[in-house]
Amino acid sequence: MAVLKIVAPVLIAVLAFYAYTWESFSEEMVRGKRVLVTGSSTGIGEQMAYEFAWMGAHLMLTARNETRLQKVVQNCLKLGAASASYVVSDMSDLASARNVVEETKKVLGGFDLLVLNHVGGKIGFGPYQGDMESVISSMTVNFFSYVQVTVSALSMLQESRGNIIVVSSISGMGRRLEAPQPK
Ligand SMILES: NC(=O)c1ccc[n+]([C@@H]2O[C@H](COP(=O)([O-])OP(=O)(O)OC[C@H]3O[C@@H](n4cnc5c(N)ncnc54)[C@H](OP(=O)(O)O)[C@@H]3O)[C@@H](O)[C@H]2O)c1
Ligand SMILES: *[C@@H]1O[C@H](CO)[C@@H](O)[C@H](O)[C@H]1NC(C)=O
């Protein structure tokens, strides 16, 4: 029992340290890596691009607004990105989503990290008006294009043993719906 009293806390401390340091983000993990960030013309995607830039990644940015993308590319280069380019895309069109992956392949030769972050579509925060068009638009931009980009990039991500990051809030809603009902 005495042994357990010593071994258990040590084991817990080691595991806690391991959990704390395991897979934490570091500059070395990102430097020279090929990173695609969707929805990177503004907002959280833009800020993530800057984080990857100062850590020295090769960046591919995408969104609809070309003027903004050009500006973000310039900022990324100033911050120290190994390289930065963009491809204009509209994720409400799955062919356009596929093209983002094709462009990334052409420019960077593959992927190490895929960051799916864009959000859009015709659905608003107001009460649902009962039209299918807005549902289809929202599902295409916020869900199917995520699946499309992932499927198109998968073999390259497997090749590089890369990672996928998904930024969302709709999946958070899904989790809430799955929560057990109080008895
Ligand atoms: N902000 C928050 O408080 C919050 C909270 C929870 C979760 N999130 C999640 O964080 C992520 C980023 O949110 P954010 O607040 O940074 O959003 P945001 O500022 O509205 O940025 C959205 C990005 O998506 C792009 N985009 C919109 N429609 C597009 C389309 N049809 N095709 C291609 N790109 C499109 C926009 O660029 P263009 O207009 O140039 O296309 C922009 O770069 C989202 O997944 C969101 O659900 C945000
Ligand atoms: C793109 O962004 C610029 C700069 O923020 C803005 O002036 C312009 O209206 C935007 N273009 C479109 C088509 O939204």
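Remember, predicted model here, so these are calculated numbers, not experimental data. First listed ligand is number 1; within each ligand, the first listed atom is number 1.
- On a distance-only criterion, Gly39 and ligand 1 share at least one N/O pair closer than 3.5 Å.
- Contact check for Ser83 versus Met60: no side-chain heavy atoms found under the 4.5 Å cut-off.
- In this structure, of Asn117, Leu69, Val115, Val166, the residue bringing a heavy atom nearest to atom 44 (C) of ligand 1 is Asn117.
- When each atom of ligand 1 is checked for a heavy atom of Ser40 under 4.0 Å away, the hits are 43 (O).
- Residue nearest to atom 30 (C) of ligand 1, selected from Glu66, Glu46, Met48, Arg64: Arg64 (by heavy-atom distance).
- Close approach of ligand 1 to Ser89 (heavy-atom distance below 4.0 Å) involves ligand atoms 32 (N), 33 (C).
- Atom NE2 of residue His58 and atom NZ of residue Lys33 lie 10.5 Å apart, to the nearest 0.5 angstrom.
- For atom 5 (O) of ligand 2, the closest heavy atom belonging to the protein is Arg68 CD, 3.3 Å.
- Rounding to the nearest 0.5 Å places CD of Glu159 at 10.5 Å from CG of Asp112.
- In this structure, the side chains of Glu27 and Trp54 come closer than 4.5 Å at one or more pairs of heavy atoms.
- The backbone and the side chain of Ser41 each have at least one atom closer than 4.0 Å to an atom of ligand 1 (non-hydrogen atoms only).
- Contact annotation: the side chain of Ser145 approaches that of Leu94 to within less than 4.5 Å [non-hydrogen atoms, C-beta and beyond].
- Checked against a 3.5 angstrom limit, the closest N/O atoms of Val167 and ligand 1 fall inside it.
- Of the polar atoms of Gly120, none of the N or O atoms is found under 3.5 Å from an N or O of ligand 1, judged by distance alone.
- Salt bridge annotation for Lys105-Glu102: absent, with no cationic side-chain nitrogen under 4.0 angstrom from a carboxylate oxygen.
- Among Met91, Arg68, Gln47, the residue whose heavy atom lies nearest to atom 32 (N) of ligand 1 is Met91.
- Of all the listed residues (Thr67, Thr42, Asn65), Asn65 holds the heavy atom that lies closest to atom 8 (C) of ligand 2.
- In this structure, CZ in Arg64 is found 7.5 Å from OG in Ser92, a value given to the nearest 0.5 Å.
- The proximity of Ser145 to ligand 1, defined as any non-hydrogen pair under 4.0 Å, does not occur for either the backbone or the side chain.
- Considering every non-hydrogen atom in both His118 and Tyr146, the closest pair reads O-OH, 2.7 Å.
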